[in-house]
Amino acid sequence: MVNSNSNNDDSITINQNWIETFSHSNDFIHYHTSTHDNGPFWISYFRTLISSDILHTDVLPYLQKPFSLEELKSIIPVQEIILSRDTDEIINNIMDGYMAIQIDSNDDACLLVNIANTKFRDVGITTTEASAIGPQAGFIEELDTNINLIRKRLRISDLIVKEMTVGKLSKTRVAVLYVTGIADQENINTVIQRIQDIQYDHIQDSSYISSMIEDNSNSLFPQSIATERADRVAAGLSEGKIIIGVDGSPNLIILPVTLVESFIAMEDYSYSWIISNFFRIIRYAGIWIAAFVTPMYVAIMTYHYELIPARLLEPLVVSRATVPFPPFLEALFLELMIEMVKEAGIRLPLKIGQSLGVVGGIVIGQAVVEAGLTSNVLLIIVGLGTLASYTSPVYKFSNTIRFIKFPFIFLAAWMGLLGIFICLIYTLIHLLRLTSLGRPYLPLYPVRITAFQDLWVRLPFPLQKYNPKTLRPAKKEKYVDNQKSPEPLNDFYE
C-alpha cells in the first residue's frame with residue numbers, strides 16, 4: 001500500500017484535482033491494486049473514515065480481475081454503490097467514508113462504494129436526565145442511530161425526516177423530524193428556513209443550531225429543550241413538536257416549548273397523577289427557592305431586620321458576630337465559591353469530581369465558617385438554594401436559575417426588597433414577551449384550558465384529550481374515550 005504523498009504526481013490531470021487536493025492529507029490513500037501494467041484499478045479513500053474489515057473482505061477480492069465499473073457495481077456485495085462523474089458528488093462521498101474506484105487515475109468516472117466505519121459507542125442510559133423508573137435509553141453522537149431509536153417508538157409512516165447539511169467547513173448533517181398531520185406546517189417551515197439561513201463555518205453540536213434559530217438569542221431563558229431522552233422526543237413528536245437532530249451530538253432539540261415544560265420530567269408519567277403533581281409542585285417551589293433565598297437573606301439582613309421574628313434574630317446576630325463583611329459580600333463570596341466547586345467538579349475526572357463535590361464542599365464550607373468569613377446560617381441558605389436549583393429536569397434551565405439570582409443579589413444589596421420586586425417584575429415582563437417559534441413562552445396569556453391538563457398540572461390520562469393549543473397542532477385530539485370492555489364483577493355486592 002502506498003500513501004498518496006509518495007504517488008507519481010504525473011498521473012494527476014486537471015480533471016482530477018480532487019486527488020491532488022486530498023493528497024495533502026496523510027490519511028488519504030491512493031494506490032493501484034495490481035503490480036501489472038494492465039492491472040485493474042486505482043482506489044482512493046480516507047483511511048480514518050473507512051472500515052478496513054469491509055475493505056479487505058467485501059471489496060478488494062473483487063478488484064483482482066479487469067472488470068468494467070458496471071460489472072463491479074453488480075458483483076461487489078455492498079449495498080450503497082454509486083457510479084458517478086460529478087466531481088462534487090465524488091468529493092462529498094469520499095468525505096463521508098466512501099472509496100473511489102477508477103480504471104485509470106485520469107478517468108472522470110468513479111465507482112463510489114460505501115465502506116464507512118459505522119462503529120460508534122452503544123446506546124447507553126441517560127446521564128443528565130436520569131430517572132428512577134421508566135425508559136432509560138439515551139441518544140448517542142450518531143444521527144442515524146438516534147433516528148432509529150425514535151422510529152422504534154413511533155412506527156408510523158407519517159414520521160418525516162428532512163436532512164440538510166449545515167456548516168461551510170464542518171458539512172454537518174442536520175435532520176428535522178416531525179409527524180405530518182399533527183405538526184403545524186408553519187412551525188415546520190419556520191424551522192427549516194431558519195436552519196437553511198445559517199451561514200457558519202462549523203457546527204459541532206445541536207446547541208449551535210438552537211442558539212442560532214431561537215427567537216431571542218439574547219435571552220437567558222432557553223427557548224428550546226435539549227434532551228437526550230428518546231421517550232421525551234417521541235412524546236413531543238406525537239403532540240406536534242418539531243425535533244432537530246445533529247450528527248455528532250447526543251442531544252436533540254425540541255421546538256416550540258414553554259417555560260413550564262422545564263419542570264416536567266418524563267418520570268411523571270410513571271407515577272399516579274396525584275404523586276406526579278406533588279413532585280411537580282416540589283420543582284416549582286425549588287426554582288423559587290433557588291432564585292430568591294439568597295437575595296432575600298441579603299435584603300433582610302441589610303435593610304429589613306424588623307421582618308425577622310424575635311426568636312430568630314438572636315441566633316442570626318450571633319452567627320454573624322465574627323463575620324467582618326456586610327451580608328452582600330458575604331453572600332457573593334459564598335455563592336461564587338459554590339459555583340467554582342461545581343465547575344471544578346465537572347471538569348475533573350469523574351471519581352475525583354465526585355469526591356470534590358461531596359467532601360471538598362463540606363470541608364471548605366466548614367473551614368470558611370470557622371475562619372469567620374461567613375455565617376452558619378448563610379451556609380445553610382446557599383446550600384439549600386444550590387440544591388433546589390437542580391430540581392428542574394432540564395439542565396440548561398437550571399443554569400439559567402443559578403445565574404439570574406446574581407442580579408437579584410445586587411439589587412437586594414442596593415434597594416432591599418424593593419430591588420427584588422423591581423427585578424422580578426422586569427423578569428416577568430420579559431417572559432411574557434418571549435416566544436418560541438412565535439408561540440408564547442410563558443403560557444399565562446392567552447389562557448388556554450389545555451394548559452391545565454398536562455402542563456401546569458398533570459391530569460389522569462383519560463382527561464388529557466387534546467394536544468397543546470400553543471403548538472397549533474393540525475390534529476387536535478389525542479385521546480378518544482372508546483372503552484368497550486365490561487365492568488369487572490364487584491364481589492362486595494354479590
Side-chain angles (χ1 to χ4, degrees), residues 139 143-144 146-166 172-199 203 206 208-217 219 222-227 230-247 249 251-261 264 433-443 445-451 453-455 464-480:
F139 294 121
L143 180 59
D144 291 339
N146 295 340
I147 294 175
N148 177 278
L149 286 174
I150 297 169
R151 285 203 178 278
K152 283 183 177 178
R153 292 177 175 276
L154 293 176
R155 299 173 182 275
I156 52 174
S157 59
D158 292 333
L159 176 59
I160 306 299
V161 178
K162 296 283 187 186
E163 289 198 17
M164 291 169 276
T165 301
V166 184
T172 307
R173 287 174 61 214
V174 176
V176 176
L177 291 83
Y178 58 90
V179 177
T180 184
I182 299 181
D184 178 50
Q185 191 60 43
E186 185 179 343
N187 288 342
I188 298 169
N189 295 339
T190 301
V191 170
I192 292 176
Q193 186 59 54
R194 288 185 183 182
I195 294 175
Q196 289 175 339
D197 290 342
I198 293 175
Q199 298 293 326
I203 303 294
S206 58
Y208 287 54
I209 299 289
S210 62
S211 298
M212 293 178 190
I213 68 171
E214 285 180 349
D215 291 10
N216 185 350
S217 58
S219 175
Q223 296 132 61
S224 60
I225 290 180
T227 182
D231 54 347
R232 184 184 281 270
V233 165
L237 285 168
S238 65
E239 288 185 339
K241 289 187 168 65
I242 316 297
I243 307 298
I244 302 172
V246 176
D247 199 24
S249 173
N251 294 305
L252 272 65
I253 303 298
I254 302 176
L255 283 166
V257 297
T258 63
L259 172 74
V260 187
E261 288 173 69
I264 299 175
R433 292 170 57 87
L434 201 58
T435 58
S436 175
L437 284 187
R439 313 303 179 203
Y441 184 64
L442 186 62
Y445 181 81
V447 179
R448 300 181 192 278
I449 295 177
T450 54
Q453 64 175 20
D454 187 26
L455 196 59
Q464 299 176 23
K465 294 186 176 181
Y466 303 100
N467 286 316
K469 283 190 176 180
T470 53
L471 300 175
R472 298 184 182 277
K475 181 173 177 288
K476 308 297 182 187
E477 291 186 332
K478 66 176 179 180
Y479 180 87
V480 177

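What's counted below: heavy atoms across the whole structure, side chains too, no hydrogens, waters or symmetry copies.
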Return the minimal non-hydrogen interatomic distance between [X] and [Y], and the atom names on each side.
X: Phe139; Y: Leu252; value: CD1-CD1, 3.8 Å
X: Val161; Y: Ala175; value: CG1-CB, 4.0 Å
X: Pro473; Y: Pro468; value: CD-O, 3.2 Å
X: Gln464; Y: Tyr479; value: O-CB, 3.5 Å
X: Leu455; Y: Val260; value: O-CG1, 3.3 Å
X: Gln199; Y: Gln196; value: NE2-O, 4.2 Å

Could you tell me if the side chain of [Y] sits less than 4.5 Å from the side chain of [X], heavy atoms only?
X: Ile253; Y: Ile243; answer: no
X: Ile195; Y: Val191; answer: yes
X: Thr470; Y: Pro256; answer: no
X: Arg173; Y: Asp144; answer: yes

Legend entry - Residues that Lys152 engages under side chain to side chain contact (heavy atoms under 4.5 Å, CB included), provided they are two or more places apart: Asn148, Arg155
Distance from [X] atom [atom1] to [Y] atom [atom2], nearest 0.5 Å?
X: Asp158; Y: Ile182; atom1: CG; atom2: CD1; value: 7.5 Å
X: Thr180; Y: Ile156; atom1: OG1; atom2: CD1; value: 9.5 Å
X: Asn146; Y: Ser249; atom1: CG; atom2: OG; value: 8.0 Å
X: Ser436; Y: Leu259; atom1: OG; atom2: CG; value: 11.0 Å
X: Asn467; Y: Ser238; atom1: CG; atom2: OG; value: 7.0 Å
X: Ile242; Y: Ile192; atom1: CD1; atom2: CD1; value: 8.0 Å

Inset, instruction - Go through the steps for Thr435 and Gln223 under the test side chain to side chain contact (heavy atoms under 4.5 Å, CB included), then give the verdict. - result: CA-CA 7 Å; Thr435 58; Gln223 296 132 61; over 6 Å; no
Legend entry - side-chain hydrogen bond (donor to acceptor under 3.5 Å, both in side chains) evaluation trace for Asn251 with Ser206: CA-CA 7 Å; Asn251 294 305; Ser206 58; 5.2 Å; no
Legend entry - Donor on one side chain, acceptor on other, Arg433 and Asn216, under 3.5 Å: no
Legend entry - Donor on one side chain, acceptor on other, Thr258 and Glu261, under 3.5 Å: yes
Legend entry - Step-by-step side chain to side chain contact (heavy atoms under 4.5 Å, CB included) determination, Ile188 to Gln185: CA-CA 5 Å; Ile188 298 169; Gln185 191 60 43; 3.9 Å; yes
Inset, instruction - Identify the residue among Leu255, Leu177, Val257 that makes a side-chain contact (heavy atoms from CB on, under 4.5 Å) with Lys241. - result: Val257
Inset, instruction - Could you point out which residue of Asp215, Ile244, Ile209 forms a side-chain contact (heavy atoms from CB on, under 4.5 Å) with Arg194? - result: Asp215
Legend entry - Test applied, salt bridge (Lys or Arg N to Asp or Glu O under 4.0 Å); reference residue, Glu239; option that passes from Arg232, Lys478, Arg472: Lys478
Legend entry - Lys469, NZ atom: more than 12 neighbouring heavy atoms under 6.0 Å: no
Inset, instruction - Report, as yes or no, whether the 6.0 Å neighbourhood of atom NZ on Lys476 holds more than 12 heavy atoms from other residues, nucleotides or ligands. - result: yes
Inset, instruction - Answer yes or no: is there an ion pair linking Asp184 with Arg439, defined by an N-O contact shorter than 4.0 Å? - result: yes
Legend entry - Side-chain (Thr172) to main-chain (Ile203) donor-acceptor, under 3.5 angstrom: yes
